[in-house]
Amino acid sequence: MKFTLEYKADNSRARAGVLSTDHGDIHTPIFMPVGTAATVKGVFHRDLKSEVKAEIILGNTYHLYLRPGLDILHRAGGLHKFSAWDKPILTDSGGFQVFSLADCRKITEEGCKFSSHIDGSKHLFTPENVIDTQRIIGADIMMAFDECPPAMAERSYAEKSLALTHRWLKRCYNHYEQTEPLYGHFQALFPIVQGCVFRDLRSESAKYVSDFDAKGYAIGGLAVGEPAEQMYEMIEVVNEVLPTDRPRYLMGVGTPANILEAIDRGVDMFDCVMPTRNGRNGMLFTWNGTMNMRNKKWEDDFTPIDSTSNSFASRQYTKAYLRHLNISGEMLAAQIASMHNLAFYLELVSVAREKIIDGTFKQWKDGIVNQLSQRL
RNA sequence: GGGGAGAUACCAAAGUGGCCAACUGGGGCAGACUGUAAAUCUGCUGGCGUACGCCUUCGUAAGUUCGAAUCUUGCUCUCCCCA
């Protein structure tokens with residue numbers, strides 16, 4: 001796995017690069033559609049390639065471990081084969097579930113005990129077995145097992161949590177180095193920076209993870225409820241420390257404006273459920289702002305959903321039709337919106353990349369962020 | 001022609017003397033959603049008011065009562081059964 005950077009000097013930290021994997025090149029900055037349970041909900045792989053122009057998608061260790069389970073994934077020959085996706089895959093380690101399933105889990109030094117949300121059965125994730133699971137899934141990029149504390153975490157908790165995440169990272173790395181890929185393609189392991197909203201903890205964490213010679217680094221624990229400005233500040237602090245010649249992945253972020261601001265601060269990779277989840281719930285992202293497709297004002301708007309979209313559905317179907325589908329609870333509404341939103345997100349980062357290479361990113365970004373804040 | 005049942009808000013449907021501006025569901029309107037336990041969740045849905053509240057509503061007209069969607073009578077309409 002190799003990362004090459006190519007960009008003109010600008011008054012921004014934005015970078016354009018290419019991350020080469022055994023399943024193909026990823027042009028950064030990139031947005032990675034979330035495909036938690038071995039599917040980007042509502043979108044065919046064919047359309048992810050031709051319409052959305054996705055270059056890499058996510059999977060989730062927690063969900064895939066529970067269903068279909070490791071035996072099936074292993075016998076299928078890994079997630080690429082199982083789901084018929086031949087481009088890169090990144091898997092989250094289950095660290096985020098350690099946070100989001102707070103009601104039914106217990107964190108110890110060893111790892112995290114949790115109850116399955118499917119059948120209540122008890123399981124244990126450890127830094128070691130999470131690596132094993134991601135080996136079986138066959139992700140091109142595996143994530144370290146971390147704890148993602150809530151936005152309002154106290155300083156004392158943040159320190160304790162960070163120390164645990166660091167100890168877990170060391171164990172992840174040791175186990176990573178002692179194990180081999182199962183399907184013949186290289187698998188990277190990305191460490192995750194934590195530290196809540198404390199500058200010194202973030203800086204310390206960035207230093208700590210930088211000591212591991214990883215192919216890329218992730219910034220976790222942001223966009224969990226803190227103000228956007230605070231998130232941007234943390235990104236700046238962290239990116240001052242992380243190696244410049246490796247990709248930086250901001251986990252779980254975010255709105256189109258969040259992404260542009262993070263690119264401006266040197267982030268290369270993003271993922272977020274917003275384009276798909278919000279899309280399923282009737283929300284569309286466009287260059288001019290967001291639209292709630294359930295709103296009455298679209299009832300008789302017979303113009304295309306978005307005539308400039310890469311998604312054929314957004315060019316062919318009208319707003320009035322999509323509103324009707326949403327109001328009627330038709331599954332096609334979710335499919336159209338998911339494809340549209342993902343295509344927009346990918347176009348957003350693709351145009352950002354062009355502007356970075358032009359050396360005109362900063363100026364362009366400021367104008368677009370203003371435009372994106374609209375509510376249509 | 002004879003007998004029976006019923007009319008409640010956009011729809012359906014509870015309520016059968018005061019705790020009823022009226023349960024609940026649907027529909028409608030709006031909002032939320034950031035490493036997906038989410039095709040989910042929340043709020044509003046007679047009028048005016050931020051609110052205490054006030055006003056007008058349970059087919060229609062009259063009546064009983066301190067008080068009526070609820071009881072009585074007339075009328076109108078609907079449905080079912082028998083001829």
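Since the model is a prediction, treat every value here as computed from it, not as a measurement.
For RNA chain B, the neighbouring residues in residues 51-70 of chain A, judged by any heavy atom under 4.0 Å, are A/Leu58, A/Asn60, A/His63. Applying a 4.0 Å cut-off to non-hydrogen atoms, the residues of residues 311-340 of chain A that approach RNA chain B are A/Arg323, A/Ile327, A/Met331, listed by residue number. A heavy atom lying under 4.0 Å from RNA chain B marks the following residues of residues 194-233 of chain A, by number: A/Gln194, A/Gly221, A/Ala223. Contacts with RNA chain B (heavy atom under 4.0 Å) in residues 34-46 of chain A: A/Val34, A/Thr36, A/Lys41, listed by number. Of the residues in residues 266-301 of chain A, those placing a heavy atom less than 4.0 Å from an atom of RNA chain B are A/Asp271, A/Cys272, A/Val273, A/Met274, A/Thr276, A/Arg277, A/Asn278, A/Arg280, A/Asn281, A/Met283, A/Asn292, A/Arg294, A/Asn295, A/Lys296, in numerical order.
Side-chain atoms of A/Thr165 and A/Gln194 form no donor-acceptor pair, as typed in the model, at a separation below 3.5 Å. There is a side-chain donor-acceptor pair under 3.5 Å between A/Thr179 and A/Arg135.
Rounded to the nearest Å, the gap between the C1' atom of B/rU45 and that of B/rA9 is 10 Å. Comparing the C1' positions of B/rG47 and B/rG67 gives a spacing of 24 Å, expressed to the nearest Å. Comparing B/rU60 with B/rA7, their P atoms are spaced 13 Å from each other, to the whole Å.
Taking every heavy atom of both residues into account, A/Ala144 and A/Cys172 meet most closely at CA-SG, 4.1 Å. Across every non-hydrogen atom of A/Ala313 and A/Ile305, the tightest pair is O-CD1, 3.9 Å.
With hydrogens and angles disregarded, a donor-acceptor distance shorter than 3.5 Å links the side chain of A/Asp119 to the backbone of A/Ser121. With hydrogens and angles disregarded, a donor-acceptor distance shorter than 3.5 Å links the side chain of A/Ser338 to the backbone of A/Ala334.
Taking only side-chain nitrogens and oxygens, A/Gln97 comes nearer than 4.0 Å to OP1 or OP2 of B/rU36. Proximity of A/Ser100 to the phosphate of B/rG35: no side-chain N or O atom is located under 4.0 Å from OP1 or OP2.
Among residues two or more places apart in sequence or in another chain, the side-chain contact (heavy atoms from CB on, under 4.5 Å) test is passed with A/Phe186 by A/Met1, A/Asp22, A/Tyr176, A/Ala188, A/Lys215. Residues meeting the side-chain contact (heavy atoms from CB on, under 4.5 Å) test with A/Glu6, sequence neighbours left out: A/Ile357.
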Could you tabulate the donor-acceptor pairs under 3.5 Å formed by side-chain atoms of residues 260-273 of chain A, not counting sequence neighbours?
residue, atom, partner, partner atom, Å
A/Glu261, OE1, A/Arg265, NH1, 2.9
A/Glu261, OE1, A/Lys365, NZ, 3.0
A/Glu261, OE2, A/Lys365, NZ, 3.4
A/Asp264, OD1, A/Ser12, OG, 2.6
A/Asp264, OD2, A/Lys362, NZ, 3.0
A/Arg265, NE, A/Glu236, OE2, 2.7
A/Arg265, NH1, A/Glu261, O, 2.9
A/Asp268, OD1, A/Arg15, NE, 2.9
A/Asp268, OD2, A/Arg15, NE, 3.3
A/Asp268, OD2, A/Arg15, NH2, 2.8
A/Asp268, OD2, A/Arg248, N, 2.8
A/Asp271, OD1, A/Tyr249, OH, 2.6
A/Asp271, OD1, A/Gly252, N, 2.8

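Whole-Å rounding puts the A/Asp92 CG to B/rG35 P distance at 10 Å.
Within the structure, every pair that satisfies the ring-ring contact (aromatic ring centres under 6.0 Å, His included) test and touches residues 105-141 of chain A, not counting sequence neighbours, is listed here: A/Tyr62-A/Phe114, A/Tyr62-A/His117, A/His63-A/His117, A/Tyr65-A/His123, A/Tyr65-A/Phe125, A/Phe114-A/His123, A/Phe114-A/Phe125. Applying the ring-ring contact (aromatic ring centres under 6.0 Å, His included) rule to pairs touching residues 290-314 of chain A yields nothing, sequence neighbours excluded. The list of salt bridge (Lys or Arg N to Asp or Glu O under 4.0 Å) pairs with a residue in residues 158-185 of chain A, not counting sequence neighbours, reads A/Glu109-A/Arg167, A/Glu128-A/Arg171, A/Arg155-A/Glu159.
When the nucleotides B/rG35, B/rA37, B/rU34 are ranked by their closest atom to the side chain of A/Val253, B/rU34 comes out on top.
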Can you pull every protein N or O that's under 3.5 Å from an N or O on nucleotides 44-46 of chain B?
none

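The six-membered or imidazole ring of A/His80 lies away from that of A/Trp85, with a centre-to-centre distance of 6.0 Å or more. Aromatic rings from A/Phe285 and A/Phe344 are positioned such that their centres are separated by 6.0 Å or more.
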